[in-house]
Amino acid sequence: MINIIKVKAILDFSKKDYILYNKVIVFDDKIIGIMDFDEAIKIYKNANILDYGNYILSPVFCNIHSHLEFCTSRLDYGNFTLWLESIIKNRENINKEILEKEIDKNINIMLHSGVGYLGEISSFGGELEILSKSKIKSIIFHEILGANKSVAQKNIDFFCDRFNRYSNLKNNISLHSPYSICDEVYDFAINYAKNNDLLISTHFMESIDEKNYLNGKKNKFSNYLKSFNPSRLTRNFLRDFYDLKAIFTHCNYVDDFSIFNNNHIITTCARSNRYLGSKKINLKNVLKNNIKLSLGTDGLSSNDSLNFFDELRANIILHNEFDLEKIAYILFKTATYDNAHLFLNGFNPLEYGACADFMLLDDFGYDKSQILIQTILRNKEVKQMFLDGKEIL
Ligand code: MCF
Ligand code: FE
């Protein structure tokens with residue numbers, strides 16, 4: 001069935017002039033084209049016409065970093081070491097039934113706030129079945145960690161056991177962080193990513209405690225990690241990432257972004273960083289170095305909601321080094337356009353042949369220069385979302 005959707009405006013970030021007026025989108029499960037209504041009905045005479053004439057159409061949001069398995073955790077905030085101690089203490093006593101209900105509820109919260117694409121860090125595999133049945137399109141980063149040589153093989157086996165359990169998911173890998181791994185785990189993860197052509201996600205330079213620890217300083221963090229008897233990494237953490245497609249989450253304590261290259265994406269999780277006591281990422285330096293950027297909520301383990309509009313608003317407030325119009329543009333384009341190809345088999349959103357994935361947003365009657373600002377500031381939920389050409393809300 002071919003559809004023609006009429007809307008007030010289309011946000012198409014492939015164009016410098018990204019707000020299109022008086023255009024419709026023609027689609028089935030894929031995008032067929034963006035054109036004038038008169039042209040569309042001439043070519044597609046029997047098309048189904050959808051009238052969303054009062055709404056703005058945009059590609060869906062991509063939340064590239066979440067931890068749904070920690071939805072029920074209520075942890076200590078304000079200081080990274082304090083938080084880490086609390087998450088490790090709480091890891092064991094998670095009630096499976098309550099957790100699954102919360103995961104379901106939070107996927108819904110994400111979908112209703114416009115998240116069609118999700119990058120999920122999976123620590124134990126507790127969310128996989130739900131995601132394999134969900135309408136949200138996800139990439140799974142199966143996590144591996146292990147600070148001590150003696151646990152490496154056991155953790156590798158556990159990882160392998162989870163990795164292929166759901167073949168309909170986009171299975172990829174997460175190497176947790178520089179402070180929670182040893183050489184054996186590092187080599188395994190790097191080789192696994194290389195040999196299977198995977199995306200690899202990692203937490204990097206999140207806190208000042210991590211940075212000081214990696215520089216050999218003794219602090220509360222190093223003292224806490226001692227209890228795991230870590231076999232310190234002898235490789236420079238970035239050494240083997242050079243030609244891997246990699247996502248580095250946080251990077252708050254990176255000063256020189258030229259250590260990254262074109263294969264790399266940086267994710268920022270604004271609220272999580274604030275809540276765990278870290279400084280914000282240096283966005284101006286990220287952009288100056290032309291490093292690809294993405295946005296994540298992190299989990300409820302370090303956030304207060306997975307509503308993506310809440311996350312965008314927090315970013316707007318935190319990144320007061322930009323004027324409002326500029327940061328709204330950066331955030332909106334980053335969240336809807338720049339990383340969508342990861343979920344669209346290389347297509348860009350709204351282009352011919354891409355999956356017909358988009359959302360409809362309330363229009364508050366503002367003119368061009370205000371649309372992105374007001375859309376971020378005034379929305380709590382989207383009006384509707386289409387994935388593969390179908391209404392899903
Ligand atoms: O991104 C935040 C903070 N940094 C690191 N890890 C996590 C975050 N939220 C959840 N985690 C998980 C992580 O995936 O906490 C566990 C891992 O399973 C910590 S164990 C060192
Ligand atoms: Fe995280």
Side-chain angles (χ1 to χ4, degrees), residues 60-68 70 80 110 113-123 136-143 170 172-178 180 189 193 198-207 210-211 237-238 241 244-254 257 259-276 278-303 306-308 310-316 318-319 327 330-343:
V60 298
F61 291 133
C62 167
N63 178 4
I64 202 89
H65 187 97
S66 80
H67 299 260
L68 285 166
F70 294 101
F80 190 71
M110 281 196 266
S113 68
V115 177
Y117 304 150
L118 178 68
E120 165 69 3
I121 311 297
S122 178
S123 301
I136 205 163
K137 297 189 178 185
S138 53
I139 295 178
I140 311 295
F141 299 101
H142 297 276
E143 182 175 75
K170 284 185 160 98
N172 287 271
I173 185 168
S174 162
L175 177 62
H176 178 256
S177 72
S180 59
L198 301 177
L199 255 175
I200 183 165
S201 181
T202 187
H203 296 87
F204 187 65
M205 287 293 168
E206 176 174 9
S207 64
E210 170 184 346
K211 183 177 177 183
F237 185 72
L238 292 182
F241 278 88
L244 286 184
K245 288 176 283 172
I247 302 179
F248 295 89
T249 295
H250 303 310
C251 300
N252 303 316
Y253 293 85
V254 171
F257 285 91
I259 56 174
F260 299 111
N261 66 38
N262 232 350
N263 298 321
H264 301 153
I265 298 173
I266 287 175
T267 307
T268 190
C269 304
R271 282 184 294 171
S272 170
N273 295 151
R274 175 72 182 103
Y275 296 162
L276 303 194
S278 289
K279 69 175 180 183
K280 64 184 174 188
I281 194 170
N282 190 331
L283 260 193
K284 286 208 166 161
N285 275 354
V286 174
L287 301 176
K288 223 186 277 162
N289 282 274
N290 276 321
I291 310 296
K292 291 178 206 133
L293 179 70
S294 59
L295 306 178
T297 54
D298 233 339
L300 285 178
S301 33
S302 57
N303 212 333
L306 299 188
N307 182 307
F308 207 75
D310 288 348
E311 192 64 34
L312 291 170
R313 280 189 283 275
N315 271 280
I316 285 213
L318 214 61
H319 289 290
I327 190 70
I330 292 169
L331 294 172
F332 216 100
K333 178 167 174 288
T334 298
T336 58
Y337 188 82
D338 293 347
N339 303 286
H341 63 97
L342 298 173
F343 297 81

Engineer: With rounding to the nearest 0.5 Å, note down the distance linking OG in Ser177 to CG in Leu175.
Structural biologist: 7.5 Å

Engineer: Measure the spacing between CZ of Phe308 and CG of Leu295 and express it to the nearest 0.5 Å.
Structural biologist: 5.0 Å

Engineer: Is any side-chain heavy atom of Leu306 less than 4.5 Å from a side-chain heavy atom of Met110?
Structural biologist: yes

Engineer: So, using side chain to side chain donor-acceptor pair (under 3.5 Å) as the criterion, who are the partners of Thr267 when residues are at least two apart?
Structural biologist: Ser294

Engineer: Indicate whether any N or O donor in one side chain lies under 3.5 Å from an N or O acceptor in the other, for Asp298 and Ser272.
Structural biologist: yes

Engineer: Taking ring-ring contact (aromatic ring centres under 6.0 Å, His included) as the definition, give me every residue that meets it alongside Phe248, ordered by chain and number, with sequence neighbours left out.
Structural biologist: Phe204, Phe241, Phe260, His264

Engineer: One pair to check against side chain to side chain contact (heavy atoms under 4.5 Å, CB included): Val254 and Ile259. What are the steps and the verdict?
Structural biologist: CA-CA 9 Å; Val254 171; Ile259 56 174; 4.1 Å; yes

Engineer: Heavy atoms, side chains only, cut-off 4.5 Å: are Glu206 and Phe80 in contact?
Structural biologist: yes

Engineer: Looking at CD1 of Ile139 and CG of Leu118, how far apart are the two atoms once the value is rounded to the nearest 0.5 Å?
Structural biologist: 9.0 Å

Engineer: With a 3.5 Å distance limit and no angle check, can you tell me whether Asn252 reaches the backbone of Ser207 through a side-chain donor-acceptor pair?
Structural biologist: no

Engineer: If we ignore angles and hydrogens, is there a donor and acceptor under 3.5 Å between the side chains of Glu120 and Ser138?
Structural biologist: no

Engineer: Can you name the nearest heavy-atom pair linking Phe70 to Ser123, along with the distance?
Structural biologist: CE1-OG, 3.7 Å

Engineer: Between the side chain of Asn172 and the main-chain N/O of Leu199, is any donor-acceptor distance below 3.5 Å?
Structural biologist: yes

Engineer: What heavy-atom pair brings Ala193 and Ile173 nearest, and what distance separates the two atoms?
Structural biologist: CB-CG2, 4.0 Å

Engineer: Taking only residues two or more places apart in sequence or in another chain, which ones pass ring-ring contact (aromatic ring centres under 6.0 Å, His included) with His203?
Structural biologist: His65, His67, His176, His250

Engineer: Could you pull out all residues at least two apart from Ala270 that satisfy side-chain contact (heavy atoms from CB on, under 4.5 Å)?
Structural biologist: Glu311, Asn315, Leu318

Engineer: Are side-chain heavy atoms of Ile281 and Ile266 found at a separation under 4.5 Å?
Structural biologist: yes

Engineer: Who passes side-chain contact (heavy atoms from CB on, under 4.5 Å) against Lys137, sequence neighbours left out?
Structural biologist: Tyr117, Cys355, Asp357, Leu387, Asp388

Engineer: Mind checking the NZ-CG spacing from Lys292 to Leu342? Nearest 0.5 Å is all I need.
Structural biologist: 8.5 Å

Engineer: Could you pull out all residues at least two apart from Asn263 that satisfy side-chain contact (heavy atoms from CB on, under 4.5 Å)?
Structural biologist: Asp243, Asn261

Engineer: Between Asn307 and Ser113, which heavy-atom pair has the shortest distance, and what is it?
Structural biologist: OD1-CB, 3.5 Å

Engineer: What's the separation between atom CD1 in Ile64 and atom CG in Leu293, rounded to the nearest 0.5 Å?
Structural biologist: 10.5 Å

Engineer: I'd like to know if the side chain of Thr297 pairs up with that of Asn63 as donor and acceptor (distance under 3.5 Å, no hydrogens or angles considered).
Structural biologist: yes

Engineer: Can you name the salt bridge (Lys or Arg N to Asp or Glu O under 4.0 Å) partners of Lys280, sequence neighbours left out?
Structural biologist: Glu321

Engineer: Tell me whether Glu143 contacts the main-chain N or O of Ser174 through its side chain, where contact means a donor paired with an acceptor under 3.5 Å.
Structural biologist: no

Engineer: Taking only residues two or more places apart in sequence or in another chain, which ones pass side chain to side chain donor-acceptor pair (under 3.5 Å) with Ser301?
Structural biologist: none

Engineer: Does any N or O in the side chain of Asn289 come within less than 3.5 Å of the main-chain N or O of Asn285, such that one atom is a donor and the other an acceptor?
Structural biologist: yes

Engineer: Nearest 0.5 angstrom please: Phe141 CZ to Thr202 OG1, how far?
Structural biologist: 11.0 Å

Engineer: Between the side chain of Thr336 and the main-chain N/O of Phe61, is any donor-acceptor distance below 3.5 Å?
Structural biologist: no

Engineer: With sequence neighbours left out, write down each residue that passes salt bridge (Lys or Arg N to Asp or Glu O under 4.0 Å) with Lys211, or none if nothing qualifies.
Structural biologist: Asp255

Engineer: Quick one: list whatever passes side chain to side chain donor-acceptor pair (under 3.5 Å) with Ser201, sequence neighbours left out.
Structural biologist: none

Engineer: With the side chain counted from C-beta on, respond yes when Ile327 and Phe332 share a heavy-atom pair under 4.5 Å apart, and no when they do not.
Structural biologist: no

Engineer: For Lys333, what residues pass the side-chain contact (heavy atoms from CB on, under 4.5 Å) criterion, not counting sequence neighbours?
Structural biologist: Phe13, Tyr329, Tyr337, Asp338

Engineer: For Asp310, which residues count as a side chain to side chain donor-acceptor pair (under 3.5 Å) partner, sequence neighbours excluded?
Structural biologist: Ser305, Arg313

